[in-house]
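Every number for a ligand or one of its atoms is a count from 1 in the order of the listing.
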Amino acid sequence: MKVLGIETSCDETAVAVVEDGERIIVNLVASQIDVHKKFGGVVPEIASRQHVSNIKYLLKETFDIVPPREIDLVAVTHGPGLVGALLVGISVAKGIAMSMDLPIVGVNHLLGHIHSVFFSSKVEFPFIALLVSGGHTEIVYVEDEVTVKVLGRTVDDAAGEAFDKVARVLNLDYPGGPAIQKAAKEGKPNFYKFPRPLLNSKDYNFSFAGLKTSVLYFMRDNPKANVSDVAASFQEAVVDVLVKKTFRAARDHGVRNVVFVGGVSANKMLREKAKDQAEKWKYNVYFPDISFCTDNAAMIARAGYFLHKKGYTSDMELNAIPNLTLDKG
Ligand code: KG4
Ligand code: ZN
């Protein structure tokens, strides 16, 4: 079964075709980073307009490789995300499904991220996933391809958001994650001990707003501080909390397989610390390939394939749900 995946929830326009949830035939991503860079963050209206103009090129290229008559199912992100951005993908998906008389399935963007790991590894269920991106930080118990339970999440900023905001405080590039990682390479992670919010709380929640503020105050009080040292110390504080709480959730739930997905899972220090922890405590740890950490449509096509296989479908009433959570499908 060939599934056409469409993803437009934020600032990446993406189209993919995946066969039987496994074989990637097409995987195209048009990033808008350069457009939003000058504003220091994603501007929603510009994102929607960019999707409208980019998607036609991606579809044309896709249909040159896989003609529309070979498609069996259309899978499209219906939330969470920016409403205007989501509506572009949904409208296009509906148009294709209607004209080709194809079934359509709405996919939760966060479930998509969880599926991104399977393109590089065969992970056995159940597993604990840390979904850590620009908009989300959640620890999830994954029972099978479509059954997931959120164990905890951030109570304020997402980890990626903290990277982006701290990068701004340190006058580094956008997006902040890769910029901080680069600056941190030259810095000392033990230069300053920033707080590890909720590290020892009994729940699986996170909080990064206070950490961001402490970097802000630190720079106000120490304007001559070495940016690389501050970046390295901040990065270590975030990674420490993410890794420790994720493995604690695995231990508490008797699960040996641990997965990291989402934009921040590209972070090198996160990967190294998670691998160390896994080796020490005998867990199996998995990450998507770097190019599948950030938004793409192959993960949406794969999730859509399994949703459809398990009997989930949508219809022409499908609409954007900007604040969709994983518990709600
Ligand atoms: O998954 P994603 O592309 O978009 C959302 O669904 O949010 O994640 C983007 C986020 C941004 O906040 C970016 O700064 C962060 O992922 N990110 C990183 C790295 N690469 C991207 N954070 C830390 N280290 C990285 N290497
Ligand atoms: Zn995402």
Side-chain angles (χ1 to χ4, degrees), residues 5-14 16 29-33 36-37 40-42 44 47 76-82 85-86 89 107-117 129-138 140 153-154 157-170 172-185 187 189 206 208 211-212 231-232 234-243 259-274 287-300 302-303 322-326:
I6 296 179
E7 154 67 43
T8 63
S9 67
C10 190
D11 60 345
E12 257 99 28
T13 318
V29 181
S31 171
Q32 305 176 7
I33 284 181
H36 298 286
K37 211 173 207 160
V42 179
V76 60
T77 304
H78 68 131
L82 302 167
L86 289 163
V107 175
N108 185 316
H109 179 78
L110 306 178
L111 184 68
H113 270 299
I114 292 172
H115 278 258
S116 67
V117 76
L130 176 73
L131 198 161
V132 64
S133 69
H136 297 87
T137 304
E138 314 201 342
V140 188
R153 54 166 62 97
T154 182
D157 291 356
E161 197 178 345
F163 270 98
D164 295 338
K165 287 178 177 168
V166 165
R168 228 178 294 169
V169 172
L170 300 179
L172 296 171
D173 234 355
Y174 172 84
I180 286 185
Q181 173 171 312
K182 193 163 161 227
K185 253 202 329 210
F206 297 100
F208 293 107
L211 172 57
K212 170 201 68 194
F234 161 76
Q235 179 177 250
E236 183 162 89
V238 177
V239 166
D240 253 2
V241 186
L242 293 175
V243 170
V259 164
F260 290 80
V261 293
V264 183
S265 74
N267 186 271
K268 203 159 169 271
M269 189 192 215
L270 175 78
R271 289 178 172 229
E272 279 164 9
K273 290 216 173 207
F287 304 90
D289 282 345
I290 298 284
S291 61
F292 286 89
C293 291
T294 41
D295 293 346
N296 63 85
M299 67 186 195
I300 302 303
R302 190 181 195 277
N323 55 358
L324 184 66
T325 63
L326 260 176

Who's the nearest protein heavy-atom neighbour of atom 15 (C) of ligand 1, and how far? Val264 CG2, 3.9 Å
With rounding to the nearest 0.5 angstrom, report the CG to CG distance, Asn267 to Leu242. 9.0 Å
Between Cys293 and Arg271 the two heavy atoms that sit nearest each other are SG-NH2, 3.3 Å
Any N or O on Gly263 sitting closer than 3.5 Å to an N or O of ligand 1? yes
The Zn ion (ligand 2) contact by Cys10, N, O or S atom under 2.8 Å: no
Can you find a non-hydrogen atom of Pro178 under 4.0 Å from ligand 1? yes
Nearest heavy atoms of Lys37 and Tyr174, plus distance in Å: CE-O, 3.1 Å
Taken to the nearest 0.5 Å, the spacing of Asp164 CG from Lys212 NZ works out to 11.5 Å
For ligand 1, is any non-hydrogen atom under 4.0 Å from His109's backbone (N, CA, C, O), its side chain (CB onward), both, or neither? side chain
Distance-minimising heavy-atom pair for Val132 and Ala159: CG2-CB, 3.6 Å
Check this for me: does any side-chain nitrogen of one of Glu236 and Lys273 sit under 4.0 Å from a carboxylate oxygen of the other? yes
protein heavy-atom neighbour closest to atom 24 (N) of ligand 1 works out as Asn267 ND2, 2.9 Å
With atoms numbered from 1 as shown, which atoms in ligand 1 lie under 4.0 angstrom from a non-hydrogen atom of Gly160? 12 (O)
Where ligand 1 meets Gly135 - atom numbers and elements under 4.0 angstrom, heavy-atom basis: 7 (O)
Part of Asp164 within contact of ligand 1 (heavy atoms, under 4.0 Å): side chain
Starting at CD of Glu12, measure out to CG of Asn296 and round the result to the nearest 0.5 Å. 9.0 Å
Protein contact to atom 18 (C) of ligand 1 [nearest heavy atom, distance to 0.1 Å]: Gly177 CA, 3.4 Å
Do the ring planes of Phe234 and Phe163 sit parallel (below 30°), tilted (30 to 60°) or perpendicular (above 60°)? perpendicular
Taking 2.8 Å as the cut-off, does His113 contribute an N, O or S atom near the Zn ion (ligand 2), distance below it? yes
Aromatic ring pairing His109/His113, orientation class (parallel under 30°, perpendicular over 60°, tilted between): perpendicular
Take the Zn ion (ligand 2) as the vertex and measure to OD1 of Asp295 and NE2 of His109; round to 10°. 100°
Students should be able to answer this: which protein heavy-atom is nearest to atom 7 (O) of ligand 1, and at what distance? Gly134 N, 2.8 Å
Within a distance under 4.0 Å of any heavy atom of His113, pick out the atoms of ligand 1 and give their elements. 1 (O), 6 (O)
Do other residues, nucleotides or ligands put more than 12 heavy atoms under 6.0 Å from the NZ atom of Lys185? no
What atoms in ligand 1 come closer than 4.0 Å to a heavy atom of Thr294? 3 (O)
Counting only nitrogen or oxygen atoms and a 3.5 angstrom limit, does Phe163 reach ligand 1? no
What atoms in ligand 1 come closer than 4.0 Å to a heavy atom of Gln181? 24 (N), 25 (C), 26 (N)
Closest approach of any protein heavy atom to atom 2 (P) of ligand 1, naming residue and atom: Asp295 OD1, 3.7 Å
I need the minimum non-hydrogen distance between Leu131 and Leu110, along with the two atoms involved. CD1-O, 3.5 Å
Gly262, any N or O under 3.5 Å of ligand 1 N or O: no
Quick one: closest heavy-atom pair of Gly112 and Ala303, and the distance? CA-CB, 4.2 Å
So, is Lys268 polar-close to ligand 1, with some N/O to N/O distance under 3.5 Å? no
